[in-house]
**Student:** 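What follows is a single structure, and I will ask about it in a moment.
Numbers here simply count residues along the sequence, with the first being 1. Order of appearance sets the numbers: ligands from 1, and atoms from 1 within every ligand. From a predicted model like this one, the values you see are computed outputs, not experimental measurements.
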Amino acid sequence: MIFNPKIECMERDEMRKLQSERLIKTVKTCYEKSKFYRRKMNELGITPDDIKSIDDISKLPFTTKHDLRDEYPFGLQVVPPTEVVRIHASSGTTGKPVVDTYTKNDLDMWAEGVARVMAAGGVGPGDTVQVSYGYGLFTGGLGAHDGAIKLGACQLPTSAGNTEKQIMLMQDFRSNVLACTPSYAMRLAEAIHNSDKVSIENMHLRCGFFGAEPWTEGMRRELEEKLRIKAYDIYGLTEMCGPGVGGECECQNGTHLWEDMFYPEIINPETLEPVAPGEFGELVFTSLCKEAMPILRYRTRDLTRLIYDKCECGRTAVRMDRILGRSDDMMIVRGVNVFPSQIEACLTEFPVFQPYYFITVDRVNNEDTFDIDVELKPEFFHEDPQQQMPHIKPLFDRIVSMVGIKPNIHILPPYGIERSMGKAKHVLDKRNFKD
Ligand code: DLL
């Protein structure tokens, strides 16, 4: 189902007109109400009068995570506190969190973004959406929650964790929609299959909306098979609102971005210039409707490309390819760029392996080491290392051909790799702790 056909299927010319109107308004507000943006625009010698349409967007300054941290907590807020009804923050591993604040309209717009994604998967009244994203400052839980309510679906706010109870409720309450990170969905699937109290035959799951971390087509296959569902990608970031900046439609061939609310650009992260249409680069967003905390040209660090070809679903909203990774996640090992998602892609090509992995990079005697812990599915695991060799060799060859460097692969016993409830951690780069 298309939640908002007028917007989601709008002619491109009309969409650009709408984006232009909204950009002009947003820039004016930023200039008049935000010291931060006035200073940034003054530094570039521009005023709101220079922004006459969306084509002028590249004249505007970028905003970075550093800027948000410098302006912590409310430096970018342009409405009085009396208009703010919610605050979220992304955890961030170092320093201050990134904060987003919301007016009532902001919450409404955000819920619509999620509703558009879930509607594409056929969610509506009568469905029970089990929200297993974490509730709290993280935007996943409440974001999915409000989106489900907007559709008139019943939402079950289990949050992440307490896995045994989750799967019992999933069966007993007949949840038919699941919303959580793909890694937690894997963990739930595993718990269902290992349980003697519940069984997938007695479950009613039909589809899932998975995001908040990169995942691969291989992981999609695993989840669809194990949970007997259709698995959809949902994308978002705290700085723009949370989940629901975009999501996949029933065609499952790219993430439609809700361009009436968030204008996407792809830039070359070195030169900061736009890349040629269809090329990979860093995703940048300008919020077009946010009231409490509008953001101009936010550098997400997410690496992807935009696809403007028409989608068979009828939506005209631009599609984004899967996120290859964040530029911050990219490791340079022996001079080669490596993304953790490439390892997941290799692993999931082999049915004997679990889709879990952990990469450790170090430098020993001036040379980078590249170790990958993996797990065989319990039925293929063998204590005797000799018996494991036939499994390691094809994986090793595949990683060398995809990534270009030779890994040391270690097979851990079943459940040897820590399972995640939220965003999975896949890498330890010990070089970061050395000089
Ligand atoms: O992760 C919001 C969210 C919650 C999205 C639930 C989807 C579902 P942050 O914690 O601010 O917000 O992290 C945002 O997570 O810049 C991407 O690097 C990554 N990310 C989010 N969704 C996806 C996805 C939430 N579908 C950061 N695929 C983003 C790949 C994703 N990466």
**Student:** Throw together a table of side-chain donor-acceptor distances under 3.5 angstrom for residues 167-174, partners on residues two or more places apart or in other chains.
**Tutor:**
| residue | atom | partner | partner atom | Å |
| --- | --- | --- | --- | --- |
| Gln171 | OE1 | Ser199 | N | 3.2 |
| Arg174 | NH2 | His204 | NE2 | 3.3 |

**Student:** Within a 6.0 Å radius of atom NZ on Lys310, are there more than 12 heavy atoms belonging to other residues, nucleotides or ligands?
**Tutor:** no

**Student:** Going by the rule side-chain contact (heavy atoms from CB on, under 4.5 Å), which residues pair with Ser34 if we only count those two or more places apart in sequence or in a different chain?
**Tutor:** Phe36, Tyr37, Leu76, Val78

**Student:** Cation-pi check, Arg116 to Phe3: give yes when NZ or CZ is under 6.0 Å from the six-membered ring centre and within 45° of the ring axis, no otherwise.
**Tutor:** no

**Student:** Residues two or more places apart in sequence or in another chain: which of them pass side-chain contact (heavy atoms from CB on, under 4.5 Å) with Asn105?
**Tutor:** Thr103, Glu291

**Student:** One pair per line, please: each N/O atom of ligand 1 matched with every protein N/O atom under 3.5 Å away, atom names first, then the distance to 0.1 Å.
**Tutor:**
| residue | atom | partner | partner atom | Å |
| --- | --- | --- | --- | --- |
| ligand 1 | 1 (O) | Lys423 | NZ | 2.8 |
| ligand 1 | 10 (O) | Lys423 | NZ | 3.0 |
| ligand 1 | 11 (O) | Thr238 | N | 3.0 |
| ligand 1 | 11 (O) | Thr238 | OG1 | 2.5 |
| ligand 1 | 13 (O) | Lys423 | NZ | 2.9 |
| ligand 1 | 15 (O) | Ala212 | O | 3.4 |
| ligand 1 | 15 (O) | Lys423 | NZ | 3.3 |
| ligand 1 | 16 (O) | Asp302 | OD1 | 3.4 |
| ligand 1 | 16 (O) | Asp302 | OD2 | 2.7 |
| ligand 1 | 16 (O) | Arg326 | NH1 | 3.0 |
| ligand 1 | 18 (O) | Asp302 | OD1 | 2.6 |
| ligand 1 | 18 (O) | Asp302 | OD2 | 3.4 |
| ligand 1 | 18 (O) | Arg326 | NH1 | 3.1 |
| ligand 1 | 22 (N) | Ala212 | N | 3.0 |
| ligand 1 | 26 (N) | Asp233 | OD1 | 2.7 |
| ligand 1 | 26 (N) | Ile234 | O | 2.8 |
| ligand 1 | 28 (N) | Glu213 | O | 3.3 |
| ligand 1 | 32 (N) | Pro214 | N | 3.4 |

**Student:** Between Glu112 and Asn4, does any side-chain donor sit less than 3.5 Å from a side-chain acceptor?
**Tutor:** yes

